[in-house]
Amino acid sequence: SGNEQVRNLCAVLLRKAVMQQMTKDPGPEGSHIPGMPQTTMDQIKQQLLMCIEREPMRNTQKKVCDAVGQLAVNLLAHNLQAWPELGPFILGATSGGNPQLHEAAFTILNALAEFIAEKW
């Protein structure tokens, strides 16, 4: 959407939906929301990463990163291979020359920090 307020609200609602989903059982492979086709979940994950790269407004980008971090915790808690594109995305964002993407990557890592600490 061209409207920043709409994009902000979408990111917040997505994060809330992901948090609600965390209280439910994982899908058959533990990598997606029950009843949702894996191809749909793969598209959602891909689109979220593209949104982070393309979002011009820092505030909105942070909200998308918060949603990505929450989704990643949810997915990876059940299957460490559930989002193989996330690691390379974070590495690329931190090694590139775009400070806004650096911040985005660290926002996602911040959301994952407690999960990572518990797993290792």
Side-chain angles (χ1 to χ4, degrees):
S1 169
N3 185 325
E4 181 185 2
Q5 290 178 326
V6 170
R7 294 191 313 271
N8 273 326
L9 181 59
C10 288
V12 169
L13 292 176
L14 174 65
R15 183 168 183 265
K16 285 184 178 187
V18 168
M19 290 179 72
Q20 287 176 346
Q21 189 59 40
M22 288 180 71
T23 63
K24 299 179 182 174
D25 291 331
E29 293 85 38
S31 63
H32 64 281
I33 296 171
M36 178 181 289
Q38 185 61 45
T39 54
T40 302
M41 179 53 74
D42 291 342
Q43 290 175 345
I44 290 170
K45 294 184 295 187
Q46 179 185 20
Q47 290 297 314
L48 284 169
L49 297 180
M50 284 177 32
C51 285
I52 292 170
E53 291 177 326
R54 296 178 181 173
E55 177 56 53
M57 303 304 294
R58 181 177 177 221
N59 187 38
T60 303
Q61 186 184 54
K62 183 186 180 318
K63 288 178 179 159
V64 174
C65 290
D66 290 339
V68 165
Q70 195 67 59
L71 180 60
V73 167
N74 189 14
L75 295 175
L76 298 175
H78 301 291
N79 178 356
L80 290 176
Q81 301 301 317
W83 200 342
E85 305 84 5
L86 186 60
F89 173 83
I90 291 172
L91 287 175
T94 57
S95 64
N98 183 336
Q100 192 170 333
L101 280 180
H102 291 187
E103 183 178 359
F106 287 119
T107 299
I108 296 168
L109 285 173
N110 185 48
L112 290 170
E114 187 176 331
F115 169 78
I116 292 169
E118 288 176 4
K119 286 292 182 184
W120 282 278

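Hydrogens, waters and symmetry mates play no part in the numbers below; they use all other heavy atoms, side chains included.
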Discussion item. For Q38 and D42, which I'm curious about, is there any donor-acceptor pair between the side chains at under 3.5 Å?
Written reply: yes
Discussion item. I need the L75 CG to Q70 CD distance, nearest 0.5 Å.
Written reply: 10.5 Å
Practice prompt. Answer with yes or no whether the hydrophobic clustering places W83 together with I116; edges join I, L, V, M, F, W, Y residues whose side-chain heavy atoms lie under 4.5 Å apart.
Written response: yes
Response to the item:
CD (E53) and CD (Q100) are apart, to the nearest 0.5 Å, by 12.0 Å
Item to complete: Determine whether L13 and V73 fall in the same hydrophobic cluster, where Ile, Leu, Val, Met, Phe, Trp and Tyr are linked whenever their side-chain heavy atoms lie under 4.5 Å apart.
Response: no
Discussion item. Give me the atom names and distance for the closest heavy-atom approach of C65 to A104.
Written reply: SG-CB, 3.4 Å
Worksheet item: Any chain of hydrophobic side-chain contacts (each under 4.5 Å) joining L80 to L112?
Response: yes
Discussion item. For a 4.5 angstrom cut-off between non-hydrogen side-chain atoms, does L14 reach L48?
Written reply: yes
Fill in: For the student: nearest non-hydrogen atoms of G69 and A111, plus distance
CA-CB, 3.6 Å
Discussion item. Tell me if the CE atom of M57 is crowded by more than 12 foreign heavy atoms within 6.0 Å.
Written reply: no
Worksheet item: Hey, are the side chains of T107 and E103 touching, using non-hydrogen atoms and a 4.5 Å cut-off?
Response: yes
Fill in: Distance-minimising heavy-atom pair for H102 and A93
CD2-O, 2.8 Å
Fill in: Check: K45 side chain, A82 main-chain N or O, donor-acceptor pair, under 3.5 Å
yes
Item to complete: Would you give the length of the straight line joining atom CG of L49 to atom CD of Q47, rounded to the nearest 0.5 angstrom?
Response: 9.5 Å
Worksheet entry | Rounded distance (nearest 0.5 Å) linking atom CG of L109 with atom CD1 of I90 | 4.5 Å
Fill in: Nearest-0.5 Å distance, CG of residue N3 to SG of residue C10
9.5 Å
Worksheet item: Shared ILVMFWY cluster between F106 and I52, side chains joined below 4.5 angstrom?
Response: yes
Item to complete: Tell me whether V12 is reachable from V64 by hopping between hydrophobic residues (I, L, V, M, F, W, Y) whose side-chain heavy atoms are closer than 4.5 Å.
Response: no
Practice prompt. Using a 4.5 Å cut-off on heavy atoms from C-beta on, say whether the side chain of M50 contacts that of Q46.
Written response: yes
Response to the item:
Interatomic distance, NZ@K63 vs CD@E55, rounded to 0.5 Å, equals 10.5 Å
